[in-house]
Student: 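Following this message is one structure expressed as structure tokens.
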Number of protein chains: 2
Amino acid sequence: MPRVKQYNEAEVIESAMGVFWQNGYKSTSLRMLSKEMGINQFSINASFGNKQNLFLESLKLYRTKLQQLLKTFEENSNGIESIKNFFYAFAEFSNQNEYKRGCLMINTMSEFGLEVDKEVGALISNYAEQLKALFKKNLEFNTTKDNDTIKRQLNYLDLAIGGLGLATKVKDNTAIEDYIEMTFNNL
Amino acid sequence: MPRVKQYNEAEVIESAMGVFWQNGYKSTSLRMLSKEMGINQFSINASFGNKQNLFLESLKLYRTKLQQLLKTFEENSNGIESIKNFFYAFAEFSNQNEYKRGCLMINTMSEFGLEVDKEVGALISNYAEQLKALFKKNLEFNTTKDNDTIKRQLNYLDLAIGGLGLATKVKDNTAIEDYIEMTFNNL
DNA sequence: TTTATTTCTAATCAATTGATTAGTTTTAAG
DNA sequence: CTTAAAACTAATCAATTGATTAGAAATAAA
């Protein structure tokens, strides 16, 4: 009996993700979202509840996209060079757009710091842990390093990928390439 | 004949800088500023014009503080180890507060990306160039490297200090120390 | 066709924003 | 003292925010 939805939720979330990616959470208004998603504020509320939850759903979608990079990374885990390949893939993914939007995850970390919403923080932490596990696996590939070395190199890679995410928002491709190359001179 | 100001502009700017540092530009309201600065919105307007200009003045103050780190860096420029010392000093400066506020410059870069206000962008660029010049001086100290190596190492350090600024907002001190140590294993 | 149910449109809500104003108080020169 | 100029207080402005509402439109089951 009911009237049927005239939009696809997966499609409009894709649009919302793009707006948040480009502008951040606070600078994105529901009216901007409404316009870009092609539905009005009532429909946003009906499908996603509120702005915060729409942001969370956008982050989830973003994560599924990053998950594809992680999948490739996992399937091609042959040591340091594989980590480096992931760094390049990550940089390319962050640069896919005509605009310099950086990485939505890193942008969100920077915007909220430690005072991030609980669910958002959990999503980011979960992703970060998954990534670190892959770093660890590849750091240990075909070599024997003591635990302290592994731990230090893990922290190094963890902070380096964060720096790379920030860099894709404000630096040019040459600087980014130099950075990645130099980063892996160490390992 | 006129009534005299009941506040010191240098002091209230110090307060304003702290609020912007902790919350970013957009999340800081004039009412928050008014409260922390101890003067009302009219006085903010009288002394600084508007929010944007108060932010610019706060950034200028922040820069004068960083300038002291640069001075020490410049006076102690004996090669790679001096760069490393600056990294530690920078991390310590960013961590001086009970809160994790990161670096106001890096925070601002992340908040606005390439669409930053012209004057704010010029201030940040100017600082970045000054810092890079010191990096270069120390990279070249007592060694002969080809121009391409210098250029790559400069980009590496430039992005690494950005990553460090981000890290001081969200990572613990151990991770930061590991990061700095590992960064300089390369050079 | 009828009808119950859901979606959609467009307007509006209170709260907050940056900014400004009218009116009062203070101050130092004359 | 008197007084002109500046600073102060407190209120208010229009614009924007996230969120909600009332009523119209659409749809599929009966």
Side-chain angles (χ1 to χ4, degrees), chain A residues 1-59 107-108 111-112 115-120, chain B residues 1-60 104 107-108 111-112 115-120:
Chain A
M1 314 156 172
R3 184 173 177 175
V4 83
K5 270 198 173 61
Q6 296 187 328
Y7 57 91
N8 178 290
E9 292 198 352
E11 281 177 11
V12 297
I13 268 220
E14 189 94 28
S15 304
M17 185 196 74
V19 183
F20 282 126
W21 193 354
Q22 185 160 348
N23 303 103
Y25 179 78
K26 294 164 197 157
S27 288
T28 298
S29 71
L30 282 174
R31 282 155 186 83
M32 292 164 64
L33 288 163
S34 173
K35 186 177 177 182
E36 290 299 317
M37 296 166 81
I39 65 178
N40 62 27
Q41 287 181 243
F42 172 88
S43 297
I44 292 177
N45 175 269
S47 283
F48 307 106
N50 54 27
K51 182 185 175 186
Q52 175 65 36
N53 198 63
L54 177 58
F55 182 65
L56 183 61
E57 293 301 319
S58 298
L59 257 188
N107 293 351
T108 302
E111 180 169 2
F112 295 104
E115 292 168 6
V116 68
D117 167 82
K118 194 177 170 183
E119 289 185 282
V120 168
Chain B
M1 314 158 169
R3 184 175 178 176
V4 83
K5 269 198 175 58
Q6 296 187 326
Y7 57 91
N8 180 290
E9 293 198 353
E11 282 176 11
V12 298
I13 268 222
E14 189 94 27
S15 304
M17 186 197 73
V19 183
F20 282 126
W21 194 353
Q22 185 160 348
N23 303 104
Y25 179 78
K26 293 164 197 156
S27 288
T28 299
S29 72
L30 281 174
R31 282 155 187 82
M32 292 165 63
L33 288 164
S34 172
K35 185 177 179 183
E36 291 297 317
M37 296 167 80
I39 64 178
N40 62 28
Q41 287 180 243
F42 172 88
S43 297
I44 292 178
N45 175 269
S47 284
F48 308 107
N50 55 26
K51 182 185 175 186
Q52 174 65 36
N53 199 63
L54 176 57
F55 182 66
L56 183 61
E57 293 301 319
S58 298
L59 257 187
K60 284 180 185 170
L104 179 55
N107 293 351
T108 302
E111 179 170 1
F112 295 105
E115 292 168 6
V116 67
D117 166 83
K118 194 177 172 184
E119 289 185 281
V120 168

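Residue numbering restarts at 1 for every chain, and letters A, B, ... go by the order of the sequence lines.
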Student: Going by the rule side-chain contact (heavy atoms from CB on, under 4.5 Å), which residues pair with A:Val116 if we only count those two or more places apart in sequence or in a different chain?
Tutor: A:Phe112, A:Val120

Student: For residues 37-49 of chain A, run the donor-acceptor check on the side chains, cut-off 3.5 Å, and write out each pair with its distance to 0.1 Å, sequence neighbours left out.
Tutor:
residue, atom, partner, partner atom, Å
A:Asn40, OD1, A:Phe42, N, 3.2
A:Asn40, OD1, A:Ser43, N, 3.0
A:Asn40, OD1, A:Ser43, OG, 3.2
A:Asn45, ND2, A:Gly49, O, 2.7
A:Ser47, OG, A:Tyr7, OH, 2.7
A:Ser47, OG, A:Glu9, OE2, 2.8

Student: Calculate the interatomic distance between A:Arg3 atom CZ and D:dA25 atom P; express it in whole Å.
Tutor: 10 Å

Student: Do the side-chain N or O atoms of B:Ser43 get closer than 4.0 angstrom to the phosphate oxygens (OP1, OP2) of D:dA7?
Tutor: no

Student: Under the salt bridge (charged side-chain N to carboxylate O under 4.0 Å, His left out) rule, what pairs show up with a residue in residues 36-47 of chain B, not counting sequence neighbours?
Tutor: none

Student: Provide, to the nearest angstrom, the distance between the CD1 atom belonging to A:Ile39 and the C1' atom belonging to C:dT6.
Tutor: 15 Å

Student: Enumerate the residues from residues 5-15 of chain B whose closest heavy atom to DNA chain C is under 4.0 Å, giving them by residue number; use none for an empty result.
Tutor: none

Student: Would you say a side-chain N or O of A:Asn40 is under 4.0 Å from OP1 or OP2 of C:dC8?
Tutor: no

Student: Mind checking what makes side chain to side chain donor-acceptor pair (under 3.5 Å) contact with A:Asn53, not counting sequence neighbours?
Tutor: none

Student: By side chain to side chain donor-acceptor pair (under 3.5 Å), which residues pair with B:Lys26, not counting sequence neighbours?
Tutor: A:Ser27

Student: Among residues two or more places apart or on two chains, list those pairs meeting salt bridge (charged side-chain N to carboxylate O under 4.0 Å, His left out) that have a residue in residues 38-59 of chain A.
Tutor: A:Glu57-A:Lys60

Student: Which residues pass the side-chain contact (heavy atoms from CB on, under 4.5 Å) test with A:Lys35, not counting sequence neighbours?
Tutor: none

Student: Write out a two-atom table: protein N or O, nucleotide N or O from nucleotides 15-18 of chain D, distance below 3.5 Å.
Tutor:
residue, atom, partner, partner atom, Å
D:dG18, OP1, A:Thr28, O, 3.2
D:dG18, OP1, A:Lys51, NZ, 2.7
D:dG18, OP2, A:Leu30, N, 2.7
D:dG18, N7, A:Arg31, NH1, 2.9
D:dG18, O6, A:Arg31, NH2, 2.8

Student: Using atom types as modelled and distance alone, determine if a side-chain donor or acceptor of A:Ser34 lies under 3.5 Å from a backbone N or O of A:Leu30.
Tutor: no

Student: In whole Å, what is the span from the CD1 atom of B:Ile44 to the P atom of D:dA10?
Tutor: 15 Å

Student: For the pair made of CZ in A:Phe42 and P in C:dT12, what is the distance, rounded to whole Å?
Tutor: 18 Å

